[in-house]
Amino acid sequence: MTALTVTPLHVTTSAANGTERTKRRLLDVLKRCGPQTAQDLAAQLEVTVPAARRHLGDLLDHGLIETRVEKPGGRGRPQHVYRLTERGEAAFPKTYAALCVDVLRHLQDLYGQDAVLKVFEARNEQVAGPLKDELDALDSLPARLALLTARLTEQGFDAVLEETLEGGEVVWTITQRNCPSLTVARQFPELCMAELTFMAHLTGLPVIRDARIVTGQPYCRYRVAAGAPAEPATGAPCPCRAAQPGQDGK
């Protein structure tokens, strides 16, 4: 059976291990065989249909699967058919990061380091366009920073916004407690450079980055303060080092 890393299912009974194994088997069948009815799944797992429906209900509640009504084989009575959601698909091992690193390495070998930076900057420009419009529609800096923080969290950065007073000046800090592109960032410091440019562009203010997950720290931290000397966003690469052994970037 394919090994999975599934979102916790919060099973608390004494039969938790067996229950979780059955749910994992259900996901595995849906992954291998595609959309299935509860009857089909019960037959393949050799459990009763009511038992299969209970497990399917839990998986539905956790957003790992979804259901739709259709006619199996295009005929007969309509039935509920279950399939994996995007979140359910994400429970299976993926090699996206390794593929991305390989492609970028080939790009660097063929066209040089600047080509990699240009790719990251072009992607950020594409993302920044509609987001900048959203931010510019807001009247105050706190509101814009709050929206930016929320959008970063939606992208997997687990960002939080803080306001502090330093020397009579208000300083806003955006702390990213997760790096969804850590594998790539460890290999290509250009990603860190492009992200700093991205933050400065969206805030419209100088931005200082004083912590990085990729250097082994527990978060990336950006300080936004009018008149603050910003870390250079272009030119020499950021001093990104490989994280220390055993650190996962969280």
Side-chain angles (χ1 to χ4, degrees), residues 2-3 5 31 84 86-135 148-159 174-224 229-250:
T2 304
T5 303
K31 176 66 175 176
L84 294 176
E86 184 175 342
R87 186 176 182 183
E89 286 281 358
F92 290 82
K94 298 290 188 293
T95 59
Y96 299 145
L99 175 61
C100 182
V101 168
D102 287 344
V103 170
L104 290 172
R105 188 170 290 118
H106 285 302
L107 180 67
Q108 186 179 59
D109 291 343
L110 290 170
Y111 303 108
Q113 182 179 7
D114 287 346
V116 175
L117 180 58
K118 288 179 180 178
V119 167
F120 286 133
E121 289 181 340
R123 179 184 181 278
N124 282 345
E125 287 178 10
Q126 182 181 28
V127 174
L131 180 53
K132 189 71 163 60
D133 292 339
E134 280 191 273
L135 298 176
L148 173 58
T149 303
R151 293 292 181 264
L152 290 170
T153 295
E154 291 172 2
Q155 295 298 316
F157 289 93
D158 190 16
I174 297 177
T175 302
Q176 299 174 349
R177 299 175 294 189
N178 182 57
C179 177
S181 304
L182 183 58
T183 300
V184 178
R186 283 173 172 163
Q187 301 291 325
F188 293 94
E190 293 88 351
L191 182 58
C192 297
M193 298 166 61
E195 185 173 296
L196 181 60
T197 304
F198 177 76
M199 297 291 284
H201 172 65
L202 288 175
T203 61
L205 294 169
V207 175
I208 302 170
R209 181 174 52 202
D210 59 10
R212 300 184 185 88
I213 292 175
V214 77
T215 65
Q217 294 167 295
Y219 47 75
C220 294
R221 184 169 60 198
Y222 293 87
R223 292 159 53 84
V224 182
E231 175 186 336
T234 58
C238 306
C240 297
R241 305 186 301 275
Q244 298 299 316
Q247 292 183 323
D248 60 4
K250 297 295 179 72

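Sorted by first and then second residue, the pairs that involve residues 105-115 and meet salt bridge (charged side-chain N to carboxylate O under 4.0 Å, His left out), not counting sequence neighbours, are D102-R105.
Shown here are the side chain to side chain contact (heavy atoms under 4.5 Å, CB included) partners of Q108, two or more places apart in sequence or in another chain: Q113, V116, F188, E190. With sequence neighbours excluded, no residue satisfies side chain to side chain donor-acceptor pair (under 3.5 Å) with E125. Remark: K118 pairs with no residue by the side chain to side chain donor-acceptor pair (under 3.5 Å) rule, at least two apart or across chains. Take E195 and apply the side chain to side chain donor-acceptor pair (under 3.5 Å) test, not counting sequence neighbours, and it matches Y222. Legend: residues meeting side chain to side chain contact (heavy atoms under 4.5 Å, CB included) with T183, ordered by chain and number and at least two apart, are A97, V101. For Q126, there are no side chain to side chain donor-acceptor pair (under 3.5 Å) partners at least two apart in sequence or on another chain. For the side chain to side chain contact (heavy atoms under 4.5 Å, CB included) test, residues two or more places apart in sequence or in another chain that qualify with A128 are F198, H201, L202. Taking the side chain to side chain contact (heavy atoms under 4.5 Å, CB included) definition, one finds that A150 meets it with nothing, sequence neighbours left out. Taking the salt bridge (charged side-chain N to carboxylate O under 4.0 Å, His left out) definition, one finds that E154 meets it with R151, sequence neighbours left out.
Formation of a donor-acceptor pair under 3.5 Å by the T197 side chain with backbone atoms of M193 is found in this model. T175 contributes no side-chain N or O that, together with a main-chain N or O of R221, makes up a donor-acceptor pair within less than 3.5 Å. Put simply, the side chain of Q176 never gets that close to the backbone of A159: no donor and acceptor are under 3.5 Å apart.
With values rounded to the nearest 0.5 angstrom, I174 atom CD1 is found 15.0 Å from Y219 atom OH. The structure places CG of L196 at 10.0 Å from CD1 of I208, a figure rounded to the nearest 0.5 Å.
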